[in-house]
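Note on naming: letters A, B, ... go to the chains in the order of the sequence lines (proteins, then strands), and numbering restarts at 1 for each one.
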Protein chains: 2
Amino acid sequence: MAELTALQKQYILHWGEMGTRWGINRTVAQIHALLYLSPKALPADKIAETLSVARSNVSTSIRELETWGIVRAVHVLGDRREHYESMKDVWEMFRLVIEQRKRREIDPTREMLRRSLADLDPKEAGAEYTRERLQAMAGFFEAVTELHDHMKSLPTGTVRKLLKMGAKMKRKAS
Amino acid sequence: MAELTALQKQYILHWGEMGTRWGINRTVAQIHALLYLSPKALPADKIAETLSVARSNVSTSIRELETWGIVRAVHVLGDRREHYESMKDVWEMFRLVIEQRKRREIDPTREMLRRSLADLDPKEAGAEYTRERLQAMAGFFEAVTELHDHMKSLPTGTVRKLLKMGAKMKRKAS
DNA sequence: CCTTACTTTCAGTTTGTACTGAAAGGACCG
DNA sequence: CGGTCCTTTCAGTACAAACTGAAAGTAAGG
């Protein structure tokens, strides 16, 4: 992956934009795209050069990708630099990201809703209405959590198969 | 909803933060939270005052919420101002948002992947590897789309029931 | 150990998004 | 119609996030 082909450029740019729309830093997403397409692990300076960003920016972004668990450092014989490679299993990548975002965002929301419901003062005006709204919202997040936990308990690959099966059944039925 | 209770403030602030993490403008999310908790529709100036943002900012944000289809204007007898109210069905709200985000983000991504696969020049070095990666990614997005379409074809409320059922079954089994 | 190769940290700067307030644009009322 | 009330638009500004480059930190090699 000396220089980027038009196709690679397109993919990386698109993935960067997708990132920003879902709260992922553009550069982080671009680096991930680059590594995902790369047949071999790349050193940070190569990444910086290819994407035209500062070496230090690559360092920070790679760290974030490592925390997600979708990029890891590997060592190359006769080279002191760390080389980075992306996980190749798309399903596993999304599973990791979803699981962590759930923990960081959904769980605190459930917590907040539970706390709110507990704190609700029934004497206050409109408390009954507020309770209804909070409960409806809480119900949704609890259901999503149940679904997530349920899927998590299945071995890797099963979800994929189930989705594919569902798709086939739907086609047959229609 | 003259002044905000501590609970309402907490909910609105939290929802605003949630928004930012998922690519939704903070103010947009806060306004939605306010309307969701409000038993009656609120006029724009009231919203601006309550959240301490400019009237014009409310105008733009409300418009965005209206395009999502989760907030609508209602008229109050003897008041010339538009009053805004949020949809109260949480499931339907999320369904709307998910459907539109899929259309805006997932669909163009599938398109890009399809185009990339078509454009792939087999003579280029590493084309086979690139094809594999693109295909894996495309497979994922196609599966997600299938799942989405499948759910969409079910009547409102069914998904909710299925999730709840799944949760119960899981509890029984374990 | 000292040098060299590489990585991380961080203060300062840039950039893009969000926000404001003033002005223009409706719409209803008398 | 003219006035009032309300909404939208938009140019300018503010702000937060992202990014840079220099300096400090770390580790391998001689």
Side-chain angles (χ1 to χ4, degrees), chain A residues 12-13 15-35 40-68 71-85 101 104-105, chain B residues 12-13 15-35 40-68 71-85 101 104-105:
Chain A
I12 290 167
L13 288 174
W15 204 238
E17 292 317 303
M18 272 292 270
T20 58
R21 288 172 186 272
W22 290 87
I24 307 280
N25 180 285
R26 175 181 284 116
T27 305
V28 171
Q30 286 183 347
I31 292 178
H32 175 255
L34 173 61
L35 294 178
K40 52 184 201 296
L42 301 175
D45 54 348
K46 196 82 189 21
I47 298 172
E49 187 199 327
T50 310
L51 299 179
S52 310
V53 294
R55 173 66 183 76
S56 56
N57 195 359
V58 172
S59 183
T60 324
S61 302
I62 288 279
R63 177 116 63 85
E64 183 163 345
L65 288 166
E66 284 178 326
T67 350
W68 286 113
V71 160
R72 58 170 191 170
V74 294
H75 293 272
V76 170
L77 232 68
D79 198 330
R80 265 161 78 168
R81 297 171 300 176
E82 304 256 21
H83 287 58
Y84 301 95
E85 69 177 16
R101 292 200 72 160
R104 295 184 201 176
E105 290 145 25
Chain B
I12 290 167
L13 289 173
W15 204 238
E17 290 319 302
M18 271 291 270
T20 59
R21 288 172 186 271
W22 290 85
I24 307 278
N25 180 286
R26 176 180 284 116
T27 306
V28 171
Q30 286 183 348
I31 292 178
H32 175 255
L34 173 61
L35 293 178
K40 51 184 201 299
L42 300 176
D45 54 349
K46 196 79 190 20
I47 297 171
E49 187 200 326
T50 310
L51 299 179
S52 311
V53 294
R55 173 66 184 74
S56 57
N57 194 0
V58 173
S59 183
T60 325
S61 303
I62 288 279
R63 178 116 64 84
E64 183 162 345
L65 288 166
E66 284 178 326
T67 20
W68 286 114
V71 159
R72 59 171 189 168
V74 294
H75 294 273
V76 171
L77 232 68
D79 197 330
R80 270 161 73 169
R81 296 171 301 178
E82 305 256 22
H83 287 59
Y84 301 97
E85 68 176 17
R101 292 202 73 161
R104 296 182 198 176
E105 291 145 24

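Residue B/Ser56 has no polar side-chain atom (N or O) positioned under 4.0 Å from OP1 or OP2 of D/dT8. For the pair B/Arg55 and D/dT7, the criterion of a side-chain N or O lying under 4.0 Å from OP1 or OP2 is met. For C/dA18, the OP1/OP2 oxygens have no side-chain nitrogen or oxygen of B/Thr27 closer than 4.0 Å.
Donor-acceptor pairing under 3.5 Å, judged by distance alone, is present between the side chain of B/Arg80 and the base of D/dC5.
Across all strands, B/Asn25 comes closer than 4.0 Å only to sugar-phosphate atoms, never to a base (heavy-atom distances).
Nucleotide D/dA18 holds its P atom 10 Å from the CD1 atom of A/Ile24, rounded to whole Å. When the P atom of C/dT8 is taken as reference, atom CG of A/Asp45 falls 12 Å away, rounded to whole Å. Taking atom CZ of residue B/Arg26 and atom P of nucleotide D/dA17, one finds them 7 Å apart after rounding to whole Å. Look at CG on A/Asn57: it is 18 Å from P on C/dT13, rounded to the nearest Å. Put simply, CD on B/Glu82 is 7 Å from P on D/dT8, counting in whole angstrom units. Atoms CD (A/Glu64) and C1' (D/dC19) sit 14 Å apart, rounded to a whole Å. The distance between atom CG of A/Leu51 and atom P of D/dT20, rounded to the nearest whole Å, is 11 Å. Atom CZ in B/Arg81 sits roughly 6 Å away from atom P in D/dC6 (whole-Å rounding).
Aromatic ring pairs are classed by plane angle as parallel below 30°, tilted from 30° to 60° and perpendicular above 60°; the pair A/Trp22 and B/Trp22 is perpendicular.
When atom types are taken as modelled, the side chain of B/Ser59 and the backbone of B/Arg55 share no donor-acceptor pair closer than 3.5 angstrom. In this structure, A/Arg101 contributes its side chain and B/Arg21 its backbone to a donor-acceptor pair below 3.5 Å.
Considering all non-hydrogen atoms of both residues, A/Ile31 and A/Ser61 come closest at CD1-CB, 3.5 Å.
A salt bridge links B/Arg72 to B/Glu85: one of the charged nitrogens lies within less than 4.0 Å of a carboxylate oxygen.
For the pair A/Glu66 and B/Ser61, nearest-nucleotide mapping onto DNA chain C gives the more 5' position to A/Glu66.
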